[in-house]
Amino acid sequence: MDTTLPFFQRVYTLVKRVPVGYVTTYGEIAKAMGTKDARRVGHALHANTDATTVPCHRVVFSDGRLASGYVFGGPDEQKNRLELEGITFISSNKVDLSAQLYHFV
DNA sequence: CAAGTGACAATAA
DNA sequence: TTTATTGCCACTT
């Protein structure tokens with residue numbers, strides 16, 4: 001079942017490009033691909049759900065908030081994961097994008 | 001093939 | 001400030 005379209009692979013590659021201690025947003029990824037639809041990026045990540053293949057926990061909303069409902073063990077688990085990566089949280093579920101938002105070169 | 005749904009983002013009120 | 005609506009485009013049914 002090679003339903004894995006190159007588009008999805010593209011998203012995975014971009015997310016994997018994000019270094020530890022940094023985060024990115026769906027909008028940034030979408031723009032980096034030349035599109036405006038951040039939803040597709042979200043779908044691509046949801047289709048994977050494998051943090052070992054793609055660190056989806058580093059991808060957050062444009063507001064810096066974590067994705068809703070993607071939780072793979074609990075919302076607390078996701079936040080804890082980012083903290084271990086070195087991400088600084090401004091609020092309970094909000095990261096400091098102004099300081100740690102990775103910009104695709 | 002057509003309609004509905006959605007791990008979002010931007011704008012309006 | 002928060003909540004609601006619209007737009008975007010792939011994926012599912």
Side-chain angles (χ1 to χ4, degrees):
Chain A
M1 46 189 319
D2 51 67
T3 49
T4 31
L5 305 179
F7 205 92
F8 278 48
Q9 192 71 39
R10 184 85 56 180
V11 178
Y12 303 146
T13 303
L14 285 170
V15 176
K16 287 196 282 191
R17 270 188 197 165
V18 181
V20 178
Y22 281 84
V23 295
T24 188
T25 67
Y26 294 99
E28 286 298 307
I29 296 173
K31 282 180 170 180
M33 301 175 76
T35 180
K36 293 98 168 160
D37 189 23
R39 275 173 135 152
R40 282 163 41 191
V41 181
H43 277 268
L45 268 58
H46 190 201
N48 185 24
T49 43
D50 187 355
T52 57
T53 306
V54 179
C56 359
H57 56 268
R58 282 188 202 152
V59 187
V60 298
F61 271 49
S62 60
D63 291 343
R65 289 213 186 262
L66 307 181
S68 57
Y70 108 84
V71 294
F72 50 93
D76 182 69
E77 184 66 38
Q78 215 255 354
K79 175 171 172 267
N80 185 283
R81 201 130 177 172
L82 289 169
E83 289 183 307
L84 292 174
E85 297 266 311
I87 306 298
T88 305
F89 278 75
I90 306 176
S91 184
S92 301
N93 282 14
K94 198 170 185 179
V95 298
D96 188 356
L97 290 178
S98 303
Q100 300 175 139
L101 174 60
Y102 180 74
H103 193 300
F104 294 104
V105 291

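In what follows, chains are A, B, ... by sequence order, proteins preceding strands, each numbered from 1.
- Between F61(A) atom CZ and dA10(B) atom P there is a gap of 12 Å when expressed in whole angstrom units.
- Separating the CG atom of D50(A) from the C1' atom of dA7(B) is a distance of 15 Å, rounded to the nearest angstrom.
- In this view, K94(A) and R65(A), S91(A) satisfy the side chain to side chain contact (heavy atoms under 4.5 Å, CB included) rule, not counting sequence neighbours.
- Scanning for salt bridge (charged side-chain N to carboxylate O under 4.0 Å, His left out) contacts around E28(A) gives an empty result, with sequence neighbours left out.
- What separates CE of M33(A) from C1' of dA10(C) is a distance of 11 Å, to the nearest Å.
- The distance from atom CD of E77(A) to atom P of dA7(B) is 21 Å, rounded to the nearest whole Å.
- Not a single ring pair (Phe, Tyr, Trp, His ring centres under 6.0 Å) links F89(A) to another residue, sequence neighbours left out.
- Remark: R81(A) does not engage E85(A) in a salt bridge, criterion side-chain N to carboxylate O under 4.0 Å.
- Separating the CG atom of L45(A) from the P atom of dC11(C) is a distance of 14 Å, rounded to the nearest angstrom.
- Residues Y26(A) and V60(A) form no side-chain contact, since every pair of their non-hydrogen atoms from C-beta on lies 4.5 Å or further apart.
- Residues A38(A) and R65(A) each lie close to DNA chain C; by heavy-atom proximity, the contact nearer the 5' end of the strand is made by R65(A).
- With distances taken from any side-chain atom of F8(A) to the nucleotides dA10(C), dA7(B), dC9(C), the minimum falls on dA10(C).
- Exactly one of I87(A), V95(A), V20(A) qualifies for a side-chain contact (heavy atoms from CB on, under 4.5 Å) with R58(A). That residue is V20(A).
- As rounded to whole Å, 14 Å separates atom P of dA10(C) from atom CZ of R10(A).
- Residues passing the side chain to side chain donor-acceptor pair (under 3.5 Å) test with D50(A) are T52(A), T53(A), sequence neighbours excluded.
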Distances under 3.5 Å only, N/O to N/O: pair up the protein atoms with those of nucleotides 3-6 of chain B.
unit_1	atom_1	unit_2	atom_2	d
dG6(B)	N3	H43(A)	NE2	3.0

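- The main-chain N or O of P55(A) is never found under 3.5 Å from a side-chain atom of Y12(A) such that the two would form a donor-acceptor pair.
- Taking a 4.0 Å limit (strictly below) on heavy-atom distances, residues 19-31 of chain A reaches DNA chain B at Y26(A), G27(A).
- Rounded to a whole Å, the CG atom of N48(A) is 19 Å from the P atom of dA10(C).
- Residue pairs satisfying the side chain to side chain donor-acceptor pair (under 3.5 Å) criterion with at least one member in residues 95-105 of chain A, sequence neighbours excluded, are listed as follows: T88(A)-Q100(A).
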